[in-house]
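Okay, structure first, notes after.
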Amino acid sequence: MPIVITEFISIDGVVQAPGGPDEDRDGGFAHGGWTQPFFDAEVVGGAFADALGKAEALLFGRRTWQTMAAAWPERAGDPFADQMNAIAKYVVSSTLRDDDLSWDNTTLIPGDEAVPRIRGLDESLLVMGSPTLVRMLLHEDLVDELRLIVMPVLLGGGKTIFPDDGALRTLELASAVTSSSGVQVCSYRRALPP
């Protein structure tokens with residue numbers, strides 16, 4: 001059950017609302033859609049397509065799942081959208097119920113059962129967005145790869161994926177690619193202990 005995290009991230013570590021102005025205004029965040037000027041179909045789009053192509057299932061937190069479930073089904077006919085719609089999906093939530101799961105192939109993981117249920121999954125999992133879930137996965141040492149799509153922008157604050165528990169987590173750079181717009185796609189894997 002390898003878990004790969006793929007995140008748009010600013011140089012100062014913010015992952016909040018990369019896709020659009022109204023995606024997530026929590027905390028007064030006013031920079032929604034900040035990735036748009038830097039998106040590169042070949043490098044950035046290719047990183048997501050590669051990650052999705054290797055995944056057997058997607059894993060989301062509630063808010064990201066709701067955003068994706070509202071967007072991808074209506075884009076049917078696009079190869080990436082068709083993959084997103086067809087693949088198995090898991091959503092971790094304490095508030096959703098099974099009858100709220102409108103996006104095909106979605107299974108609910110109750111929030112209070114998240115860690116043991118995720119540990120019990122056999123599929124290779126891809127997580128996109130879902131900062132609260134990603135922080136928990138990192139805290140529980142369940143992440144095998146962090147694929148960070150670092151945009152050349154400082155946002156000055158917002159949601160992050162990194163735990164603030166004081167624990168040291170050593171990673172190894174597995175690959176890095178730079179787009180013509182200055183985006184760095186960096187894949188990090190867990191480092192073996194010395």
Side-chain angles (χ1 to χ4, degrees), residues 1-9 15 18-19 35 41-94 96-149 161-163 169 171-177 185-192:
M1 170 228 33
I3 297 178
V4 175
I5 309 298
T6 299
E7 293 284 348
F8 289 120
I9 192 164
V15 298
T35 62
E42 184 178 335
V43 174
V44 176
F48 276 96
D50 178 65
L52 182 60
K54 293 176 181 173
E56 296 172 315
L58 301 176
L59 177 63
F60 295 109
R62 177 198 52 85
R63 188 176 202 149
T64 301
W65 179 86
Q66 288 176 314
T67 300
M68 299 283 203
W72 289 107
E74 62 190 44
R75 297 180 188 169
D78 170 81
F80 187 83
D82 290 346
Q83 271 187 289
M84 290 287 289
N85 291 325
I87 195 168
K89 292 167 275 294
Y90 296 94
V91 58
V92 175
S93 176
S94 298
L96 290 175
R97 298 179 318 265
D98 282 326
D99 59 343
D100 295 320
L101 304 180
S102 58
W103 197 9
D104 288 346
N105 305 316
T106 299
T107 301
L108 178 65
I109 297 176
D112 60 350
E113 300 173 20
V115 172
R117 293 275 302 273
I118 292 168
R119 280 193 171 120
L121 295 174
D122 292 329
E123 298 106 328
S124 59
L125 301 169
L126 173 61
V127 182
M128 295 183 251
S130 309
T132 303
L133 174 63
V134 171
R135 266 192 311 281
M136 183 269 301
L137 293 170
L138 286 166
H139 176 79
E140 294 291 332
D141 196 31
L142 292 174
V143 175
D144 297 286
E145 182 179 340
L146 269 175
R147 185 173 293 193
L148 301 178
I149 301 172
I161 59 170
F162 303 114
R169 294 170 177 89
L171 305 171
E172 294 176 331
L173 181 64
S175 68
V177 178
V185 178
C186 302
S187 293
Y188 296 93
R189 294 194 181 111
R190 281 193 275 189
L192 298 174

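Note that the structure is predicted; figures quoted are calculated from it, not measured.
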For the student: nearest non-hydrogen atoms of [X] and [Y], plus distance:
X	Y	result
Leu108	Ser93	CD1-CB, 4.0 Å
Leu52	Leu58	CD1-CD2, 3.8 Å
Arg75	Ala81	O-CB, 3.3 Å
Gly53	Gln83	CA-NE2, 4.0 Å
Pro131	Thr64	CD-OG1, 4.4 Å
Met68	Pro73	O-CD, 3.8 Å

To the nearest 0.5 Å, how far apart are [atom1] in [X] and [atom2] in [Y]?
X	Y	atom1	atom2	answer
Glu56	Asp122	CD	CG	9.0 Å
Ile109	Ile118	CD1	CD1	5.0 Å
Leu138	Leu133	CG	CG	9.5 Å
Thr6	Ile149	OG1	CD1	6.0 Å

I'd like to know if the side chain of [X] reaches the main chain of [Y], judged simply by a donor and an acceptor atom lying under 3.5 Å from each other, with no hydrogens or angles considered.
X	Y	value
Asp104	Asn85	no
Asp82	Ala76	no
Arg147	Val185	no
Thr35	Gly19	no
Ser102	Ala69	no
Asp100	Arg97	yes
Lys89	Met84	yes
Arg63	Gly129	no

Test side-chain contact (heavy atoms from CB on, under 4.5 Å) applied to Lys54 and Asp50, step by step: CA-CA 6 Å; Lys54 293 176 181 173; Asp50 178 65; 3.3 Å; yes

Partners meeting side-chain hydrogen bond (donor to acceptor under 3.5 Å, both in side chains) with Thr106 (sequence neighbours left out):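 So Thr106 forms a side-chain hydrogen bond (donor to acceptor under 3.5 Å, both in side chains) with Trp65.
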
Lys/Arg-Asp/Glu bridge criterion (N-O < 4.0 Å) met for Arg189, Glu145: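 So Arg189 pairs with Glu145 through a salt bridge.
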
side-chain contact (heavy atoms from CB on, under 4.5 Å) partner of Leu59, the single match among Leu137, Ile5, Leu126, Val4: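 So the option named by the test is Leu137.
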
Thr67 side chain near Phe60 side chain, heavy-atom distance below 4.5 Å: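 SC-SC contact between Thr67 and Phe60 ruled out.
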
Criterion side-chain contact (heavy atoms from CB on, under 4.5 Å) on Arg62 and Thr132, from CA distance to verdict: CA-CA 10 Å; Arg62 177 198 52 85; Thr132 303; over 6 Å; no

Audit row: Leu173, Cys186, side-chain contact (heavy atoms from CB on, under 4.5 Å) steps and yes/no: CA-CA 7 Å; Leu173 181 64; Cys186 302; 4.1 Å; yes

Trace of the side-chain contact (heavy atoms from CB on, under 4.5 Å) decision for Arg117 with Tyr90: CA-CA 10 Å; Arg117 293 275 302 273; Tyr90 296 94; 5.9 Å; no

Atom CZ of Arg119: over 12 foreign heavy atoms under 6.0 Å: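 Counting neighbours around CZ of Arg119, more than 12 heavy atoms of other residues, nucleotides or ligands fall under 6.0 Å, so yes.
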
